[in-house]
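Count residues from 1 along the sequence.
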Amino acid sequence: MTSLIQGFLISIGLIAAIGAQNLYLLKKGLLKESVFTIAFICFMIDAILITAGVKGVGSLLKKYPALVEYVTYFGIVFLISYGILALRSVFKTQMMDPNQKINTDKKLTTILTVLSLSLLNPHVYLDTLLLIGSIGGRYESAEQNLFIMGAVSASFIWFFSIGYGSRILIPLFKKPFTWKLLDAFSAFVMFFVAFSFFQTL
């Protein structure tokens with residue numbers, strides 16, 4: 001059980017930081033828009049990468065560090081672009097409606113966005129494949145599987161808690177000004193994360 005608890009605590013500690021992915025899920029949770037889909041995608045990406053890392057795939061990153069560098073470049077461009085869109089939303093007068101209906105095209109865009117925010121973040125690979133992978137890789141057989149279970153369950157609880165727990169904040173977001181603050185904060189986070197990625201190059 002020690003390995004299960006360690007896997008849970010390490011995983012929750014890494015994903016709990018405010019980042020582009022978490023903010024996007026929070027915003028969609030407030031809008032009640034594709035919440036399950038987004039939370040499930042975030043969870044599945046973590047689950048696959050954590051399992052692969054613990055089982056030894058993380059060693060590929062050590063052999064081919066250029067892979068992370070390429071992902072970083074794409075991530076910087078994407079985050080800056082998304083940050084500009086968030087900044088533009090600050091100056092719009094239209095308020096987002098949590099009860100609005102979602103069309104198919106918008107849902108596809110949402111899925112592509114969350115995939116980009118997740119997979120174009122080099123820290124995702126460093127955290128799951130290398131860090132969690134190297135720690136979990138020290139365990140063997142059943143203990144290793146318990147570690148993976150703990151790490152993956154932390155990811156599940158976190159993402160679905162953000163997605164559905166954000167609805168508690170909906171009364172605060174009935175005011176346009178609150179949405180503008182969230183968009184401004186989102187833009188700041190996107191630019192800050194992009195800058196932090198740039199510093200790693």
Side-chain angles (χ1 to χ4, degrees), residues 1-63 65 67-68 71-72 75 79 110-111 113-170 182 185-186 189-190 192-193 196-197 200:
M1 291 301 291
T2 303
S3 58
L4 181 112
I5 295 170
Q6 186 181 37
F8 183 91
L9 293 176
I10 290 171
S11 180
I12 202 74
L14 289 172
I15 64 175
I18 294 176
Q21 186 189 53
N22 287 334
L23 264 180
Y24 186 71
L25 177 55
L26 172 66
K27 189 171 184 178
K28 291 299 182 180
L30 288 166
L31 290 170
K32 301 179 184 177
E33 190 175 286
S34 303
V35 179
F36 178 84
T37 302
I38 297 171
F40 185 73
I41 289 173
C42 293
F43 160 67
M44 283 305 298
I45 289 172
D46 263 14
I48 292 170
L49 292 178
I50 287 170
T51 303
V54 173
K55 295 299 181 181
V57 178
S59 58
L60 282 175
L61 288 184
K62 294 179 181 178
K63 292 181 180 178
L67 290 174
V68 177
V71 171
T72 303
L79 286 169
T110 296
I111 291 172
T113 301
V114 73
L115 283 173
S116 299
L117 286 171
S118 302
L119 298 176
L120 292 180
N121 178 358
H123 289 171
V124 158
Y125 304 101
L126 296 175
D127 290 346
T128 55
L129 291 177
L130 287 181
L131 184 55
I132 295 179
S134 63
I135 296 172
R138 297 172 187 171
Y139 292 103
E140 294 181 1
S141 58
E143 286 292 304
Q144 189 179 85
N145 292 332
L146 282 173
F147 180 90
I148 292 173
M149 192 184 301
V152 168
S153 63
S155 177
F156 179 87
I157 292 170
W158 176 258
F159 288 122
F160 279 92
S161 294
I162 289 180
Y164 290 101
S166 60
R167 297 183 182 186
I168 300 172
L169 301 174
I170 285 177
L182 180 61
F185 182 66
S186 295
V189 170
M190 302 302 163
F192 178 79
V193 174
S196 66
F197 286 175
T200 63

So, do Asn121 and Val71 sit near enough that their side-chain heavy atoms are less than 4.5 Å apart?
no

Between Gly29 and Arg167, the two heavy atoms sitting closest are O-CG, 3.8 Å

Give the minimum heavy-atom separation between Ala52 and Leu129, together with the two atoms involved.
CB-CD2, 4.0 Å

Here the gap from Ile41 atom CD1 to Ile111 atom CD1, rounded to the nearest 0.5 Å, amounts to 5.0 Å

Verdict with reasoning, Val114 to Cys42, per side chain to side chain contact (heavy atoms under 4.5 Å, CB included)
CA-CA 8 Å; Val114 73; Cys42 293; 3.6 Å; yes

Between CD1 of Ile135 and CG of Leu130, what distance do you get to the nearest 0.5 Å?
11.0 Å

Do Ser166 side-chain atoms and Gly163 backbone N/O form a donor-acceptor pair below 3.5 Å?
yes

Provide the closest heavy-atom pair for Leu25 versus Val35 in the form atom of the first, atom of the second, distance.
CD1-O, 4.3 Å

In the structure I gave you, are the side-chain heavy atoms of Ser155 and Ile15 within less than 4.5 Å of one another anywhere?
yes

So CE of Met44 and CD1 of Ile48: to nearest 0.5 Å the spacing works out to 4.5 Å

Do Arg138 and Phe147 have side-chain heavy atoms sitting under 4.5 Å apart?
no

Could you tell me whether the side chain of Leu115 reaches within less than 4.5 Å of the side chain of Ile45, counting heavy atoms only?
yes

Given the rule in the side chain to side chain contact (heavy atoms under 4.5 Å, CB included) test, do Val124 and Leu119 qualify, once you have shown the distances and angles that lead to the verdict?
CA-CA 7 Å; Val124 158; Leu119 298 176; 5.7 Å; no

Atom CZ of Phe156 with >12 non-hydrogen neighbours under 6.0 angstrom:
no

Looking only at heavy atoms, what is the nearest atom pair of Ile132 and Ala151, with distance?
CG2-CB, 4.5 Å

Looking at every heavy atom in both Leu120 and Phe197, which two are closest together, and how far apart are they?
O-CE1, 4.2 Å

Ser11 side chain vs Gly7 backbone, donor-acceptor pair below 3.5 Å
no

Flag the pair Glu143 / Ser3 as yes when at least one side-chain heavy-atom distance between them is below 4.5 Å, and no otherwise.
yes

Assess whether side chain to side chain contact (heavy atoms under 4.5 Å, CB included) is satisfied between Phe8 and Ile157, documenting all intermediate values.
CA-CA 10 Å; Phe8 183 91; Ile157 292 170; 3.9 Å; yes

Any chance the rings of Phe36 and Phe160 have centres within less than 6.0 Å?
yes

Are Tyr139 and Leu146 side-chain neighbours, meaning at least one heavy-atom pair lies under 4.5 Å?
no

Whether the side chain of Glu33 engages the backbone of Lys28 through a donor-acceptor N/O pair (distance < 3.5 Å, no angle test) should be reported.
no

Could you go through Asp46 and Phe159, starting from their C-alpha distance and side-chain angles, then the distance that decides it, and tell me whether this counts as side chain to side chain contact (heavy atoms under 4.5 Å, CB included)?
CA-CA 10 Å; Asp46 263 14; Phe159 288 122; 3.5 Å; yes

So how far is it from Leu126 CG to Leu49 CG, rounded to the nearest 0.5 Å?
11.0 Å

Can you tell me how far the OG1 atom of Thr72 sits from the OH atom of Tyr125, to the nearest 0.5 Å?
10.0 Å

Below 4.5 Å, heavy atoms only, C-beta onward: do His123 and Val193 meet side chain to side chain?
no

Could you tell me the separation between the CD1 atom of Ile38 and the CG atom of Leu26, rounded to the nearest 0.5 Å?
11.0 Å

Measure across Ala20 and Val189 and return the closest heavy-atom pair with its distance rounded to 0.1 Å.
N-CG1, 4.2 Å

Any non-hydrogen side-chain atom of Tyr24 less than 4.5 Å from a side-chain atom of Thr110?
yes

